[in-house]
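Inspection log for the structure reproduced underneath, given as structure tokens.
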Amino acid sequence: MAIFEYAPAPESRDLVDIKASYGLFIDGEFVDGSGAPFKTVNPATEETLAEVATASADDVDRAVRAARKAFGGWSALPGAERAKYLFRIARIIQERARELAVLESLDNGKPIRESRDVDVPLVAAHFFYYAGWADKLEYAGFGTKPLGVAGQVIPWNFPLLMLAWKIAPALACGNTVVLKPAETTPLSALWFADICRQAELPPGVVNIVTGAGETGAAVVGHPEVDKVAFTGSTEVGRIIARAVAGTGKKLTLELGGKAANIVFEDAAIDQAVEGIVNGIFFNQGHVCCAGSRLLVQESVQEELLASLKRRLGTLRVGDPLDKNTDVGAINSAEQLAKIRELSAVGESEGAERWSPACELPERGFWFPPTIFTGVAQSHTIARDEIFGPVLSVLTFRTPAEAVEKANNTPYGLSAGIWTEKGSRILWMADRLRAGVVWANTFNKFDPASPFGGYKESGYGREGGLHGLEAYLDV
Amino acid sequence: MTTSLADVASSDSALRAFLHGLPGVDRVGADQRAAMLGTRSIKTTAKAQAIDLAISMVDLTTLEGADTAGKVRAMCTKAVHPGGGAPRVAAVCVYPDLVEVAVQALAGTGVKVASVATAFPSGRSSLEVKVSDTALAVAAGADEIDMVIDRGAFLSGRYLKVFEEIVAVKAACGPAHLKVILETGELAAYDNVRRASWLAMLAGADFIKTSTGKVSPAATLPVTLIMLEAVRDFRDATGRQVGVKPAGGIRTTKDAIKNLVLVHETAGDDWLSPDWFRLGASSLLNDLLMQRQKLATGRYAGPDYFTLD
């Protein structure tokens, strides 16, 4: 009998021309950095992609001064004029979508299916969305006065998308920005710098400084920065909150999560299984709002787990540039070590570990999709954010217990509810302490809907009408 | 589940309770899953394999009022020799009165003869008529009977009536395989598709089939997905494997391959054979042949290079 095997279907690497080294983007020009350059690698192969400049405190100072200088002209432009630039950027992103998708998959390790179908289209959508707001700020209810220079530090899980979430509303409101991408994924931000030039954005409106934590600290700590926006770990978020305290800078933080994905016995099981898979294995679980805690009603636990395991057996792990790949590479050796360590803790604390049979490539950073069953709230893996393709399965008996367990976490970024009963969805959504509650779906993003957290998941909202508030002097 | 399955059809209320106790289908989620599987990229060797597999699964069909013996004979010849060295198709599907012609034309070729019986396509007749329609086709030598369910009875909640009709037709089939057509376009809700699938399987269907091809929408990907989930779950529950046949509206190689991907990733490779999966189509074969030749030669030929029958 014929067994159906998919032949490899790789997207062409030739779509991107990566140079040997890259500088900083300051005042509309690519310039050298004065720190020691670092390498960015392809996590799927460990091959070095390029050498990237490190911005020292002096370089950051130059970038902030450029942004400050540009602020006057940019903020004085009529909203409709700013919108024109943003629309232009959005259209260029669409035109260069394939190139950006390949670049993002190379640098980040995420499957091309996701960068092509999710990341890049959403990036363009965010610029389109906020372009639409630029000349309508008076109707948003937060005033029309921009803050000034925004210092933005973004993570490596969605490099280009997080850039869009930060830059699009900032520019729409009339701010100028200095953005620092993560040190493991700096390339798409540099491509974006090129797009800004292509769009003839006035020099200094967008500045990109690359580097590691120190560069980020220089951006956050610069006295001329009026607004700080950070997405990343709760740990770094705390440091930033301390650094910014008392300076008068406005701050938004979008930090970690340990979201509950709650499945009731009357849920549409096949679709719930898809939602669980999408909740935790999307982007290798490198999602701050990932549904990393599955709360399943005890009466359907067995059935659901059997379906879930069967489904995991069909996940295709491997080459991120293969169009048929579902799960790509872990972003860095460091992150892989963290996932391994927390998984080992899970096992040592007595949770049962399961992974489907899957062959992982020899080179690169890989971790198989993993489920832990028999997990209790007191397990480390049910408390700590793993930020990898690891799902903890817990059970509950009643809706009230589901709410209690879902809220019993230091985080509160997102939650998912799976039930055919509409009234229960509303009842639950009222009680869950999470910034986003998805019903019968998960990991759905739209520029028009606000995103942000409760408790240690941070404060402030990005996206939607609410996202404008963070960039206006309210 | 197996113990309760025996009692499921003991009364209308027991059957209703069982069918309504099946997990629901979320339309948005099912559509999304089918769309995602539709983006799988099948190339080179996988594509060549998929095309030949799809050809071997085709039920070459003619269901026109104007069908004649000559037309059926010509189609039978094409079913055995599609051209270009392609494998033969799985079956030809004709009206009951033309079964004999097809049986003679296909004797010894291995291509099965399927016939749409049971007052096709509306199914609006008495059980006696449906049973004798079936018996006529079987007596003429049909290997497979495609029956339509009484959608009116199903939609008005008379599940036991539908069940009993399937049981009666199955009995009339004798050794012939029974494919039960749900006409999913008329059932409308995905929940109904799942319920009707289970109903047909419980009543003894060997295959469940989406559509007559006379109603639009016919075989959509999400509906096929739900039916594949149903046969998968049914085998888990009972140990019995039931085939799936999407029919109607599958015209291109791309559509056919999307269906194969659905089978591969939903029910599994056990279903990837003409014994367990069929494509009901009349115009699909030529597109498969055209893509097959394109793959072999690197060039597309015009429509005149492929036969009309």
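Chain naming here is simple, since letters A, B, ... match the order of the sequence lines and numbering starts at 1 in each.
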Chain A contact via B:Arg40 - side chain, backbone, both or neither, heavy atoms under 4.5 Å: both
N-O pairing of B:Arg278 and B:Glu144 below 4.0 Å: yes
Toward chain A, the part of B:Asp275 with a non-hydrogen atom under 4.5 Å: neither
Option in B:Val28, B:Asp26, B:Asp52, B:Val25 with maximal non-hydrogen atom pairs under 4.5 Å from chain A: B:Asp26
Among the listed options A:Asp117, A:Ile269, A:Thr314, A:Asp270, the residue most often paired with chain B at heavy-atom distances under 4.5 Å: A:Asp270
Heavy-atom proximity to chain A below 4.5 Å, by part of B:Leu225: neither
SB check A:Glu274 A:Arg311 (cutoff 4.0 Å): yes
When A:Glu420, A:Glu5, A:Arg310 are compared by non-hydrogen pairs under 4.5 Å with chain B, the top option: A:Arg310
Pair A:Asp266, A:Thr419: side-chain N/O donor-acceptor within cut-off below 3.5 Å: yes
Residues of residues 94-114 of chain A contacting chain B, heavy-atom criterion under 4.5 Å, by residue number: A:Arg113
Partner set under side chain to side chain contact (heavy atoms under 4.5 Å, CB included) for B:Ser41, not counting sequence neighbours: A:Ala9, A:Lys323, A:Asn324, B:Lys43
Distance-only side-chain donor-acceptor flag, B:Asp287 / B:Thr253, under 3.5 Å: yes
By side-chain hydrogen bond (donor to acceptor under 3.5 Å, both in side chains) - contacts of B:Arg88 (at least two apart): none
Close aromatic pair by centroid cut-off 6.0 Å: B:Trp198 and B:Phe18: yes
Region of A:Glu303 that comes under 4.5 Å of a non-hydrogen atom in chain B: side chain
Any residue meeting side chain to side chain contact (heavy atoms under 4.5 Å, CB included) with B:Thr297, in chain and number order, not counting sequence neighbours: B:Gln293, B:Arg299
Short side-chain to backbone donor-acceptor contact, A:Asn157 and A:His286, under 3.5 Å: yes
Check: B:Arg194 side chain, B:Tyr190 main-chain N or O, donor-acceptor pair, under 3.5 Å: no
Short N-O contact, B:Arg235 and B:Asp270, less than 4.0 angstrom: yes
Proximal component of B:Glu229, with respect to chain A [non-hydrogen, under 4.5 Å]: side chain
Partner chain A: residue of B:Met36, B:His264, B:Glu265 with the largest heavy-atom pair count (under 4.5 Å): B:His264
Residue part contacting chain A, namely of B:Val261, when any heavy atom lies under 4.5 Å: both
Chain B contact via A:Ala272 - side chain, backbone, both or neither, heavy atoms under 4.5 Å: neither
